[in-house]
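Computed over heavy atoms, backbone and side chain alike; hydrogens, waters and symmetry mates excluded. Here is the naming used below: chain letters follow the sequence lines, and residue numbers restart at 1 for every chain.
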2 protein chains.
Amino acid sequence: MKNKVKLFPGDAKEQLTKLPSNSVDLIFTSPPYAERRMTTYGGVSQHEYVEWFMPIADELHEVLKPTGTFVLNIKESAFNGERSTYVLELILKMREHGWLWTEEFIWHKKNSYPGKWPNRFRDSWERLLQFNKERQFNMYQEEVMVPMGDWAKSRLKNLSQTDKVRDPSRVGSGFGKNISNWINRDMAYPTNVIHLATECNNKNHPAAFPEELPEWFIKLFTKENDTVLDPFMGSGTTVLVANRMGRNAVGIEIVPEYLEMVRERIENAEPVLF
Amino acid sequence: MKNKVKLFPGDAKEQLTKLPSNSVDLIFTSPPYAERRMTTYGGVSQHEYVEWFMPIADELHEVLKPTGTFVLNIKESAFNGERSTYVLELILKMREHGWLWTEEFIWHKKNSYPGKWPNRFRDSWERLLQFNKERQFNMYQEEVMVPMGDWAKSRLKNLSQTDKVRDPSRVGSGFGKNISNWINRDMAYPTNVIHLATECNNKNHPAAFPEELPEWFIKLFTKENDTVLDPFMGSGTTVLVANRMGRNAVGIEIVPEYLEMVRERIENAEPVLF
DNA sequence: GTTCCGCATGAATCGATAG
DNA sequence: ACTATCGATTCATGCGGAA
C-alpha cells in the first residue's frame, strides 16, 4: 500500500482545522522568519510574530498525537545591531499555551551566507526547537545512530590489540570492565548538534534546508506509516522526504506555485488535493 | 612591564563595587548554572536565577567600558523533561536593564558529557551570549581568522596561476575586480559557531571550559594591555589565559580554596590580593 | 568518462543614499 | 527624524562546459 500525501492549499491556521485531532505523529516545519520572505509571504514583523504564530501553534497542538513531537526550525536575524528576541518570547508563550519545551537542537550549517561586518561574524547556526504535548513521547534513538568518530575507532583498535587477550575475569579494574560494551561497536548515539550543509540550489527547487534535516527527525520521531505534517510546506522538502521514507504526509501551502510544484514532484505518490 | 593580575576574594556583587567605572574591556565568565554547584556555591534555583543575577549584571554594566564586551557562558539544563527557561528570561531582562544583546555564539563541544536517556541525546553545546553597552564596540576580527577549507585552497591556487597575469586594467568585469582581495589568501573569517574540545582534566584544576575558549574571545575583543574581568573566576582559566596573553586581569572568587589555587598558579605574575 | 575550472547564488548584514 | 531601497562584502557548494 502506498503511503498517502495530502496537500492543502491555503493559510496554515485555517487549513489545520480540517485535520482530525490527535492524528499527527510529527510536525516538522520552518515557518517564514520575521521580516523575511517579503515577496512570497509578505513578511511578518518581529513585533507581531508571537501574536501571529500562537493561533497556529494552538491548532498544531490539537492535531498532534499525545505521543507526537513538534520540531520548529527558526532563527532570529540581526536588527539594528542586535539579535531579535521574538524567538525567545515565542518559546515562553508556547509553554503558557501548554506546550512542553523539551529540547533545543542546533543545526550547524557548514556553508553559511557570506559577508563581513565590523560588529559580527557570519551566522552559521539555526535553532530546532522540540516541543511536546506530554513528557512521554515516541523516540527511536537507534534509527539515527552514527558511525563513531575516528578518535574512538583508532583508540578501540589499539585498545583491542592489547586488551582483547586480557583475562575477562579481570573485571572491576575500572577500565577492563567497560571493554565488553565497546568491542565490536562502531556506532554511537548522536548529540543535539546536527552538522549539515544547506544545499540550496539543487534542481531549481528553492529549499530552506537540506533533505537530511527532516530525514533525521523523521527517523528519530516516527516509524513507517506514521503521519508527518508540515504546515508551511514551501518547496515541500519535508513532505517529499516523509513520503519517500514510507510515512504518510500532510502539507499546507498558501502560495499556489509552490503547491503545484510539489504536486508535480510527488505525482507518483497519489497526492490528494482538497 | 608585567601585566597586573588582581584577585578579589568574596561575593561578585559586593566586590564589583570596588572596581572603577568604565575600566574593563572584556568580561568573560561562566557563572554557576541554576541548581548546579550546590556544594561550592550553594546552588541558585532556576526560579530565582534572574533575580539573583541582575544586580551583578548592573554592576558589570558599570565597570565595563562603552567600547567593551560582556560574554556570558551559560546553558540551561533539563528539568522534569523540559529545558529550563531562565536563560531566555535572563536575556530579556538584561535588555530591559540597558544591555544590548548583540549576538549568541554557539560553543560546540566535541566531547560532551556521556550518558543516555530515553527522551534526549547528550547535550553538546553551550551558549556564549554577547552583550554590549553601545552598538560601537572594539572587535579585532583579524586576530581569530582560521585556515580556509581545502576546497578553496586548491581552487584559489589554481586561480592565481591563471589570473595573476591578467591585465589589471580589466577591472569591472565583475570578477577580475576582486582578484586582488583573494590572491595569496588562505585564511577566512570564522563564524558564530566555535568548535572546541572540552579539556576538563588537565592538572587537577577542574575547569568549566578549555583555555581556547576565553583565548578566542580575548583575542577577538581586546588588545594587549587591555583589562579582562571574570567575576566568577573558579579555577581561573580566564584570568590565567588573559595574563599569559599580555592583558591585565581581574578575578573575583568567593571560594577561598579556588582563589588560593589561582594565586599559586599565577605567582610569577605578581597577583595583588585585596 | 574523469577532472578541472568558471560562475551563480544563498532565511545575511551594515552603512549610505534616497524619499 | 524615520523608513525603504541598494550596493558592497564574503564563502561553500553544485552545476555545466571545457580540457
Side-chain angles (χ1 to χ4, degrees), chain A residues 29-47 49 72-84 86-87 107-129 195-213 232-235 237-238 255 258, chain B residues 100 102-104 130 135-137 139 141-142 145-164 166 170-183 185-193:
Chain A
T29 197
S30 190
Y33 300 176
E35 320 274 351
R36 303 288 155 194
R37 304 275 165 114
M38 303 294 281
T39 54
T40 49
Y41 293 101
V44 184
S45 143
Q46 53 175 331
H47 305 293
Y49 200 90
L72 180 64
N73 168 223
I74 198 165
K75 179 61 192 282
E76 65 275 21
S77 48
F79 216 80
N80 198 13
E82 279 190 283
R83 288 275 161 207
S84 293
Y86 72 90
V87 175
W107 172 25
H108 181 185
K109 295 187 282 189
K110 276 204 280 267
N111 49 338
S112 53
Y113 201 92
K116 182 185 184 316
W117 312 277
N119 57 344
R120 67 178 64 249
F121 289 136
R122 294 177 298 142
D123 188 8
S124 80
W125 65 278
E126 297 196 12
R127 305 179 194 275
L128 287 157
L129 304 169
H195 200 132
L196 296 176
T198 42
E199 176 224 330
C200 314
N201 44 2
N202 264 20
K203 316 162 188 175
N204 59 18
H205 307 302
F209 42 77
E211 296 189 353
E212 285 86 352
L213 197 62
F232 300 96
M233 188 173 62
S235 62
T237 307
T238 302
V255 178
Y258 282 166
Chain B
L100 300 174
T102 307
E103 180 59 303
E104 179 170 358
Q130 177 191 346
R135 287 183 216 292
Q136 298 283 0
F137 52 87
M139 194 177 194
Q141 300 190 355
E142 288 69 25
M145 292 186 79
V146 292
M148 254 191 187
D150 302 328
W151 58 270
K153 251 185 247 165
S154 57
R155 289 174 79 149
L156 282 176
K157 195 174 293 178
N158 296 329
L159 182 89
S160 55
Q161 302 287 346
T162 57
D163 291 272
K164 258 180 188 166
R166 274 189 187 173
R170 288 183 54 187
V171 182
S173 68
F175 190 70
K177 188 173 64 173
N178 294 326
I179 285 187
S180 57
N181 296 338
W182 289 91
I183 293 257
R185 174 156 170 209
D186 54 352
M187 302 290 275
Y189 291 100
T191 69
N192 58 358
V193 176

Checklist entry - What distance, rounded to whole Å, do you find between the two P atoms, one in D/dC15 and one in C/dA11? => result 16 Å
Checklist entry - Think A/Arg122 has a side-chain N or O under 4.0 angstrom from the OP1 or OP2 of D/dT9? => result no
Item to check | Euclidean distance, atom NE2 of residue A/His195 to atom P of D/dT13 [Å, nearest integer] | outcome: 8 Å
Item to check | Whole-Å distance separating the CE atom of B/Met145 from the P atom of D/dT10 | outcome: 9 Å
Next on the checklist: Using side chain to side chain contact (heavy atoms under 4.5 Å, CB included), reason through A/Phe232 and A/Tyr41 one step at a time and then give a plain yes or no.
Outcome noted: CA-CA 10 Å; A/Phe232 300 96; A/Tyr41 293 101; 5.7 Å; no
Item to check | Proximal nucleotide (of C/dG10, C/dC14, C/dA11) relative to the A/Tyr113 side chain | outcome: C/dG10
Next on the checklist: Output the rounded distance in Å from OH (A/Tyr49) to C1' (C/dA11).
Outcome noted: 11 Å
Checklist entry - Is there side-chain contact between B/Arg135 and B/Phe137, with at least one heavy-atom pair below 4.5 Å? => result no
Item to check | Which residue lies more 5' along DNA chain D, comparing A/Lys110 with A/Lys116 via nearest heavy atoms | outcome: A/Lys116
Checklist entry - Where the side chain of B/Ala188 is concerned, which of C/dT13, D/dC11, C/dG15 is the nearest nucleotide? => result D/dC11
Checklist entry - Would A/Glu76 and A/Tyr49 count as a side-chain hydrogen bond (donor to acceptor under 3.5 Å, both in side chains) if you check the C-alpha gap in whole Å, the side-chain angles of each, and the deciding distance to 0.1 Å? => result CA-CA 11 Å; A/Glu76 65 275 21; A/Tyr49 200 90; over 6 Å; no
Checklist outcome for this item: DNA chain C nearest-nucleotide lookup for A/Ser112 and A/Asn80: closer to the 5′ end is A/Ser112
Item to check | CA sep, side-chain torsions, deciding dist, call: A/Trp117, B/Met139, side chain to side chain contact (heavy atoms under 4.5 Å, CB included) | outcome: CA-CA 10 Å; A/Trp117 312 277; B/Met139 194 177 194; over 6 Å; no
Item to check | Atom-pair distance (CD on A/Glu211; P on D/dG14), nearest Å | outcome: 12 Å
Checklist entry - Mapping A/Pro114 and A/Ala197 to their closest nucleotides on DNA chain D, which lands nearer the 5' end? => result A/Pro114
Next on the checklist: Between P on D/dA4 and CZ on A/Phe79, what's the gap in Å once rounded to a whole number?
Outcome noted: 9 Å
Checklist outcome for this item: A/Arg83 CZ to C/dC14 P, in whole Å, measures 8 Å
Checklist entry - Which is true for A/Arg120 with a 4.0 Å heavy-atom rule: it touches a base, it touches only sugar-phosphate, or it touches nothing? => result sugar-phosphate
Checklist entry - For A/Asn119, which contact category applies under a 4.0 Å heavy-atom criterion: base, sugar-phosphate, or nothing? => result sugar-phosphate
Item to check | Atom-to-atom span, CD of A/Glu126 to C1' of C/dA12 - whole angstrom | outcome: 11 Å
Checklist entry - Between A/Arg122 and A/Pro114, what is the shortest heavy-atom contact and its length? => result CD-CA, 3.4 Å
Next on the checklist: Tell me whether the count of non-hydrogen atoms from other residues, nucleotides or ligands lying under 6.0 Å of CD in B/Gln136 goes above 12.
Outcome noted: no
Next on the checklist: Using a 4.0 Å heavy-atom cut-off, does A/Pro210 contact any base of the nucleic acid, only the sugar-phosphate backbone, or nothing at all?
Outcome noted: nothing
Checklist entry - Using atom C1' of each nucleotide, how far apart are D/dT10 and C/dG10 to the nearest Å? => result 12 Å
Checklist entry - Taking both distances under 3.5 Å as the test for a Watson-Crick or G-U pair, what stems of at least three pairs does DNA chain D have? => result C:2-10 with D:11-19, C:12-19 with D:2-9
Checklist entry - Just to confirm, is there a sub-4.0 Å distance from OP1 or OP2 of C/dA11 to any side-chain nitrogen or oxygen of A/Arg127? => result no
Checklist entry - Side chains of A/Tyr33 and A/Glu126: is there a donor and an acceptor less than 3.5 Å apart? => result yes
Checklist entry - Taking CE from B/Met187 and C1' from D/dT10, how many angstroms apart are they, rounded to a whole number? => result 16 Å
Checklist entry - Glycosidic conformation of C/dA11, syn or anti, with 90° from 0 as the boundary? => result syn
Next on the checklist: Closest approach to the side chain of A/Asn111, judged atom by atom: which nucleotide of D/dT13, C/dA11, C/dT13 is it?
Outcome noted: D/dT13
Next on the checklist: When you measure from the side chain of A/Ser84 to the backbone of A/Tyr86, do you find a donor-acceptor pair of N or O atoms at a distance under 3.5 Å?
Outcome noted: no
